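Predicted model, so just to flag it, every value in this text is computed and none were measured. Computed over heavy atoms, backbone and side chain alike; hydrogens, waters and symmetry mates excluded.
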Amino acid sequence: MLIGAVIAICILLAILGFLVPRLSDHARRGADKGFSTGAKAGSKAPGPIGRLLAKSFGTSRRAADKSHSAGKKARSKTPL
């Protein structure tokens with residue numbers, strides 16, 4: 001379920017980055033805030049489980065940022 005949500009967020013950010021690059025930054029910041037909140041909550045778990053949970057949210061945040069920048073980059077290469 002969580003994997004599907006992360007994939008959906010990545011696709012949405014890529015589409016927004018392509019269609020409305022300036023306005024999509026707000027959506028990216030909102031997604032980053034959600035992922036960082038999850039990472040903070042996950043890091044409070046004891047031992048290696050906490051590190052694993054925090055790392056998974058950090059990786060998801062990086063993937064969302066990468067898809068957003070890819071959408072913006074693709075928009076800059078279009079002839080429009």
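The structure places CD1 of I15 at 11.5 Å from SG of C10, a figure rounded to the nearest 0.5 Å. Here the CG-CD1 distance, from L16 to I9, works out to 11.5 Å after rounding to the nearest 0.5 Å. Going from atom CZ of F57 over to atom CG of D32 covers 13.5 Å, rounded to the nearest 0.5 Å. Atom CZ of R29 and atom OG of S24 lie 9.5 Å apart (nearest 0.5 Å). One distance of note links CD1 of I7 with OG of S60; it measures 9.5 Å at 0.5 Å rounding.
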| message | Applying side-chain contact (heavy atoms from CB on, under 4.5 Å) to D65 and R62, what does each step give before you reach the verdict? | response | CA-CA 5 Å; D65 288 346; R62 236 178 305 145; 5.8 Å; no
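Between R61 and S36, the closest heavy-atom pair is NH1-CB, 3.9 Å. Looking at every heavy atom in both residues, F18 comes nearest to R75 through O-NH1, 2.9 Å.
Apart from L53 itself, the hydrophobic cluster it occupies contains I49, where clustering links Ile, Leu, Val, Met, Phe, Trp and Tyr at side-chain heavy-atom distances under 4.5 Å.
The cluster map of Ile, Leu, Val, Met, Phe, Trp and Tyr, joined by side-chain heavy atoms under 4.5 Å apart, puts I11 and I3 in the same cluster.
With sequence neighbours excluded, the residues satisfying salt bridge (Lys or Arg N to Asp or Glu O under 4.0 Å) with D25 are K72.
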